[in-house]
4 protein chains.
Amino acid sequence: MTAVIGKRERILEAAIELFNRWGFTKTSLDEIARAAHIAKSTIYYYFPSKENLFIVAIEEKAEEFFCNLYTAIDASERFEDKLSCFLRLPITCIFENMPLLAMTMQQIPPDYFTDLLEKRNEYRQRMNELLAEIMDYGKSQGIINEKINSEHFSEMINDWFIMGDYWNKGDNKNKILKRLERDHNLMVQLLLYGILKRDTTQKVEEKKRIKG
Amino acid sequence: MTAVIGKRERILEAAIELFNRWGFTKTSLDEIARAAHIAKSTIYYYFPSKENLFIVAIEEKAEEFFCNLYTAIDASERFEDKLSCFLRLPITCIFENMPLLAMTMQQIPPDYFTDLLEKRNEYRQRMNELLAEIMDYGKSQGIINEKINSEHFSEMINDWFIMGDYWNKGDNKNKILKRLERDHNLMVQLLLYGILKRDTTQKVEEKKRIKG
Amino acid sequence: MTAVIGKRERILEAAIELFNRWGFTKTSLDEIARAAHIAKSTIYYYFPSKENLFIVAIEEKAEEFFCNLYTAIDASERFEDKLSCFLRLPITCIFENMPLLAMTMQQIPPDYFTDLLEKRNEYRQRMNELLAEIMDYGKSQGIINEKINSEHFSEMINDWFIMGDYWNKGDNKNKILKRLERDHNLMVQLLLYGILKRDTTQKVEEKKRIKG
Amino acid sequence: MTAVIGKRERILEAAIELFNRWGFTKTSLDEIARAAHIAKSTIYYYFPSKENLFIVAIEEKAEEFFCNLYTAIDASERFEDKLSCFLRLPITCIFENMPLLAMTMQQIPPDYFTDLLEKRNEYRQRMNELLAEIMDYGKSQGIINEKINSEHFSEMINDWFIMGDYWNKGDNKNKILKRLERDHNLMVQLLLYGILKRDTTQKVEEKKRIKG
DNA sequence: TATGAATGAGTCTTCATTCAT
DNA sequence: TATGAATGAAGACTCATTCAT
């Protein structure tokens, strides 16, 4: 039976639930212990620190998320559906596991700990690669404009739409501002194509080509 | 002379700096006092509580930000430039005042206090109104497709690009998921226009029109 | 062996000693911890709050006191001795545990907490019932004037002699003043009987009967 | 006009009101200043410390009280009425100025300050002298049993009924316990006279005389 | 494997008091 | 005479972590 779940599982379950609801700092180990119906010190038998417990909790959810994402994208045949999956699922996932993943994957510089920062970078990387793959697929289908640099595009989309990360501490201000500039132009173009009247589209397009 | 800055200013300055670097919970009043070279209790002479100090700090920066934003948008003549300002400035501002404003304006459910939540909603509201105005301006210029609902569009852009807010606690899950769905379709359209090969654009466009 | 007393006991002991000496507000948890030779936070392991510690300390002493009182009164055969016990023991006890019990049982409006107020009312109740029983015993022995209302008499004696309680916040001023009036007359009578010359006693007695 | 009251008066007024309502420790100078519509530091212009302000406030009320008491007692002709005044007025006064005077005149050892203790002793002294005078008056009228020691009796009545003071720190435990014993016997006698059936009174009286 | 007991370092907050003006 | 500004010391309470068993 699954009636008797291991204590480690009980702890993780409670931790995810509470971190989600209250965030890292506002969740105490006392509360987790109470919710898991175990003694507080038992947590230290399974996890070396509160930090670590938090990261393990995130890993758990992240793996689950990526697993779903890969499956869904593989299952869709058409480029548009793959792209749609890529955009829809993260938001849905974050919505359901907020703010746990939000803290990892959104524009919050996780002040707290280096390990978490690393995790986040890892996830960003995987997201970038995934979107780049989708783009390449679109190109191979002859739908996507080959001139668009897949990697560059993926980075920007992830930064703007999904997991904004202009604040990675390592980079210096100038470098970031330059990238903001670059991405910004691309972003405005994307938006313009979507909202301009069709007949004016051409002109704007040309204008931008001259600029960019 | 302003050579000698008032202590209130010194406190606010230090608070903004530290809240930005470490976040609310991880910044202690001791640190702020040390940084401002005043006694900790002096903080309580000027601000009734840590919470209040945080909110005042945010207000300070937010007013400054909106002021800049309005000025820049008014200064630009063409629709595209106005839109460009609207997209560029918030990011720049957040980048410079992270996570202070980030906490107000990004996808972080501020667990801590109602006052902050209200502030955030106020700021969202102002951002929505501003973008809607820009869109209407675009329409009046004959550039923007009249069929696009300015308000609806503004909400979505702000949620996705600028100040994501799918987690406003009042709303129930179903309502939010429905809106996610709606926005998602619009978002995919916007993207597709930007990256598809020109000759395929028409077909996709038609397909979407039938769907939407 | 009881050579090593539990820490909870050590804390309670120190708390009783210090609360007794300095009162609630003027006794700090630091002092209690120092006196009990434990870390301040250990107090919080055993007691949820300073308030609670205070109340537990009082309960401890109060139970002990009531136990002694019941025993002593049961042990005395004659009505006079029972009454004597009732009057002597509380004072002795309060003297030895002042102001701990004094705060519960004397004329101090305990501004601090409702729980304490409740405790005090409970103790008053028990004192009233006890004295009423003694009075009834005196009547059953044919010593006490049946016309004296045992309950009314007990209330008054407790208010004046033992656990004054004219300030119970619930009651309104008028009600209290009326009761003061009533009790006062009875009190003057009691005194007069004790100090007047025997031959004048009769007149005063008659006069009061007419009045009361 | 009395429209413009001096600031000193305003402070005292507010202090009395607030000390009465909240007690010494729970009343802050901030509150007093706010209530008196003056700056906090102004209090220090008129009173050297919070302690001193408290004592002056008590003096104010105490003088008023004694003045009323003297007048009322002088105004009554008969011994019984004088005694009645003596018993009634303190309670009424304390009831109206609780816990300010209660703190001075009841069984609360004022942990806080020596000055207050001295004040209290002074007031006790005055009360004792007053009651002794009344007793002597009763004797001169031929109503009161000459065998009763006026001073001794006054002390006891004040301790039991009015301003209990068995805890005067100077005295040692043995001395106090001896006095408790002495007073207790007298107290039981007084009570017995008041509640015994008339015909049994004689016997008890005799019994006590043998004992005491 | 699991935990009850214990703690040190830190948190926000209060408040009587001082002092320059 | 009056006060705004400033502060040090203390207070209750929290919490991640350790350790003996």
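Chain naming here is simple, since letters A, B, ... match the order of the sequence lines and numbering starts at 1 in each. When reading the values below, keep in mind they use all heavy atoms of this one structure, side chains included, and skip hydrogens, waters and symmetry mates.
With sequence neighbours excluded, no residue satisfies salt bridge (charged side-chain N to carboxylate O under 4.0 Å, His left out) with C:Glu60. The side-chain hydrogen bond (donor to acceptor under 3.5 Å, both in side chains) check on C:Glu13 picks up nothing, with sequence neighbours excluded. In this structure B:Asp115 satisfies the salt bridge (charged side-chain N to carboxylate O under 4.0 Å, His left out) test with no other residue, sequence neighbours excluded. In this view, A:Arg8 and A:Leu12, A:Tyr46, A:Phe47, A:Val56 satisfy the side-chain contact (heavy atoms from CB on, under 4.5 Å) rule, not counting sequence neighbours. Residues satisfying the salt bridge (charged side-chain N to carboxylate O under 4.0 Å, His left out) criterion with B:Glu118, sequence neighbours excluded, are absent altogether. Under the rule for a side-chain contact (heavy atoms from CB on, under 4.5 Å), the partners of B:Ser28 that lie at least two apart in sequence or sit in another chain are B:Asp30, B:Glu31. Among residues two or more places apart in sequence or in another chain, the side-chain contact (heavy atoms from CB on, under 4.5 Å) test is passed with A:Glu59 by A:Ile55, A:Lys119, A:Tyr123. Scored by the side-chain contact (heavy atoms from CB on, under 4.5 Å) test, A:Ser49 finds A:Glu51, A:Asn52 as partners (sequence neighbours excluded).
Look at NZ on A:Lys26: it is 12 Å from P on F:dT14, rounded to the nearest Å. As a whole-Å value, the separation of B:Lys50 NZ from F:dC13 P is 19 Å. Taking atom CG of B:Leu53 as the reference point, atom P of E:dT13 lies 10 Å away to the nearest angstrom. C:Phe47 places its CZ atom 15 Å from the P atom of F:dA12, with the value rounded to the nearest Å. Per the geometry, CZ belonging to A:Phe54 stands 19 Å off C1' belonging to F:dT17, to the nearest Å.
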Using Watson-Crick or G-U wobble pairs with both distances under 3.5 Å, give me DNA chain F in dot-bracket, 5' to 3', with [ ] for crossers and | for pairs to another strand. .||||||||||||||||||||
Tabulate protein N/O versus nucleotide N/O from nucleotides 3-5 of chain E, keeping only pairs under 3.5 Å, one per line.
residue	atom	partner	partner atom	Å
E:dT3	OP1	A:Lys7	NZ	3.1
E:dT3	OP2	A:Thr42	OG1	2.4
E:dG4	N7	A:Ser41	OG	3.0
E:dG4	O6	A:Ser41	OG	2.5
E:dA5	OP2	C:Tyr45	OH	2.4
E:dA5	O5'	C:Tyr45	OH	3.4

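A heavy-atom distance below 4.5 Å is found between the side chains of D:Phe19 and D:Lys50.
Residues of residues 28-36 of chain A having a heavy atom closer than 4.0 Å to DNA chain E: none are found.
A distance-only check finds no donor-acceptor pair linking the side chain of B:Thr25 to the backbone of A:Thr25 [under 3.5 Å]. Under the 3.5 Å distance criterion, the side-chain polar atoms of D:Lys7 are left unmatched by any main-chain donor or acceptor of D:Ala36.
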